[in-house]
Amino acid sequence: MKITLPDNSHFDLTEGATALDVAAGVGPRLAGAAVAAKVNDITVDLSYHLDEGDRVDIITVDSPEGLGVLRHSAAHVLAAAVMQLYPGAKLGIGPATRDGFYYDFQLPRPASEADLPAIEAKMAEIVKAAARFQRRELSREDAAREFAGQPFKLELLGELPPEEPASTYTNDEFTDLCRGPHIPDTGRLKAFKLVSVAGAYWRGSEKNPMLTRIYGTAFPTRKELEQYLLNLKEAERRDHRLLGKQLDLFHIDDEVGAGLPLWHPKGALVRKVIEDFWRDAHLDNDYEMVMIPHIASADLWKTSGHWDFYRENMYSPMDIEGQEYIVKPMNCPGHIKIYKSRIHSYRELPIRWAELGTVYRYERSGVLHGLLRVRGFTQDDAHIFCRPDQLEEEILSVIRFVLFMLGTFGFDQYDVYLSTRPEKSVGSDENWEKATGALKAALEKAGLKFAVDPGEGVFYGPKIDLKIRDALGRAWQCTTIQVDFNLPERFDVTYVGEDNEVHRPIMIHRALLGSLERFMGCLIEHYAGAFPLWLAPVQVVILPVADRHLDYAGQVAARLNQERIRVQLDYSKESVGKKIRNAEVDKVPYMLVIGDREEDAGMVSVRSYAGGDLGSRPLEELVADLARRVETKT
RNA sequence: GCCGGUGUAGCUCAGUCGGUAGAGCAGCUGAUUUGUAAUCAGCAGGCCACGGGUUCGAAUCCUGUCACCGGCUCCA
């Protein structure tokens, strides 16, 4: 019989040949790397029997799909090991993930990370035995009988689409309900490791029981696994909580309260530089600045709808002379009140009002995470009031603006999401559709690839989110652009149109960096604490070789100060080597060593954090160079 | 909030079987005046997260609270 390969060439096979035979026929290397196959675009095992005319594409372990098959198979091996070590365990699900795999279990006794080596050892036995993965297709009834003692599997079985056959995979003595495909045998699992254990709700719902999730990872080779584990270690080194402490940027204090960061001088200075840049960029982009108070009467939050739709995230009201006041969780109502303080003409729109607005939100204790998830934070917020005909153009210009802002900080990779109407929401379907359509159109015009996040919008409108990743690869939402037809209605926000009639503007809520706290957290990890020159809290440290050089060192410092370069003079009685080490540990971009040679010639010896000893240069040349680099943010 | 883990000096961490607290770095003092990642010596520093219990005796065992860490759920 003849089958077709992806390059449209044909391949002759004997009747009853399998996908593996195709791989072997092409070459032993391919057969070795093969983990599954695609036959007529359907993924199958290598043991799949082919028919005349099939189109066959071999999936190798080097492809993302193949790696997924390998990891999914690793999850089965994990489950097999756990079933042996924890008899009576109930099986949840065990998929491959971006970085590895996991399997959820309901265990008869709790497991902790200390138990992982034992499970790993059991897995190694199963791998050594090279047990074959055997697929079986069976009727619902037979499957139900087989998994009689597995309530979660029965639940999944009951929800299989009717057209899909129930299938199981068996290796060794372990059988799992599974769609497949799998690697031919467990012996192919050359490099795996269990990394952590955590709780996870069955099917991700708080209403369901909590299962024990065991995370692991697997790679085609031991070398790749080791590289991955090395990367994890490197990522831990970039952790903003660690660097925040080491570099004296901020801390979070028990007695002040969880999720309420305190900014130390150096951290506050970095923030100031970011804020200055942010304000200038906004003024350049035709925004105006506004400011509002941190608390407001409860009535305001009732009008806005926050009281009804957002209360679980708001702090309890406080009593002020018999009136209830609430700490603001959002800035929008305040900005609306400014808008409403007078009548507006259609000629004024769009109005763009920006504020670094601090908000407080109740976050459940378990979700707090360094600077990335806190209870008090400053949003780089703005609200745009525009006419319906301006909506799409405004969204597009916000997208262009945010790409510029993020690019300045060296972020050029992010995940883009379009979030649609959630269950708990307000407003007409028509408005939701209009708003969602405008966001989508703008994304397409900007040429951004995006994924739709169904039901993830805010209660008053759909939104575009940009997420950037932290050191451990976790995605954090920073940028958000939200269209809102609702608040203008609730507050009866209007403008007078060309026709002398009263019209309703549309609001766009947007935060480009998201919150300064979260953004700084991401930024610290992004730069591994070594801020570029324009952001560094201390840009230059001056290291006199001996006390007799202090005078000249002071002159150099004064000259740099004149150019507003942030300079520190190290007058400690340490050796030059120690002073350099201290500056290196603090990740200061430039160190200037000053001794007899420099003093005599009016020079400075330059050492950079990134590039080591750069030799000596005339002071004025360096000053000009640094000033230019700060100016251009390079 | 939920599951699992952790909490000892400013920081990083030891602390055995329940017998009363230890190191390195940082800090302070003194000596050294140093040329591209740690000069030497001395001193000081602790309500062992907090509360209750067991015990002759608790950093250690039990228990409650708080915080932190890894996840889940939820979010900028």
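Quick note on labels: first sequence line is chain A, next is B, and so on, each numbered from 1. Below, each value reflects all heavy atoms present in this structure, side chains not excepted, and no hydrogens, waters or symmetry copies.
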Per-nt protein contacts along nucleotides 71-76 of chain B (heavy atom under 4.0 Å; B base, S backbone sugar-phosphate only, - none) come out as BBBBBB
**OP:** Take atom CD of Glu159(A) as the centre, draw a 6.0 Å sphere, and report whether it contains more than 12 heavy atoms from other residues, nucleotides or ligands.
**Re:** yes
Contact check, residues 590-608 of chain A vs RNA chain B, heavy-atom distance under 4.0 Å, returns Val593(A), Gly595(A), Asp596(A), Arg597(A), Glu598(A), Ser605(A), Arg607(A)
So what does Gln246(A) hit on the nucleic acid, given a heavy-atom distance under 4.0 Å: a base, only sugar-phosphate, or nothing?
nothing
5'-most contact on RNA chain B (nearest-nucleotide basis), Arg581(A) vs Thr212(A), goes to Thr212(A)
>> Taking C28(B) as the reference, what is the distance to G10(B) when you measure between their C1' atoms (whole Å, please)?
In response: 13 Å
Between C74(B) and A67(B), how far apart are the P atoms? Round to whole Å, please. 22 Å
* Asked: Run the salt bridge (Lys or Arg N to Asp or Glu O under 4.0 Å) check on Arg271(A) and Glu517(A) step by step: do they pass?
  -> CA-CA 9 Å; Arg271(A) 215 177 125 155; Glu517(A) 285 73 9; 3.0 Å; yes
From CG of Asp254(A) across to C1' of A49(B) the rounded distance in Å is 7 Å
If only atom types and distance count, is the side chain of Gln482(A) paired as donor or acceptor with the main-chain N or O of Lys463(A) below 3.5 Å? no
Lys573(A) NZ to G27(B) C1', in whole Å, measures 16 Å
A59(B) and G46(B): how far apart are their C1' atoms, nearest whole angstrom? 11 Å
When rounded to whole Å, the CG to P distance for the pair Leu543(A) and U34(B) reads 16 Å
Base, sugar-phosphate, or nothing for Ser112(A), non-hydrogen atoms under 4.0 angstrom? sugar-phosphate
Side-chain atoms of Val585(A) come closest, of A37(B), A26(B), U34(B), to A37(B)
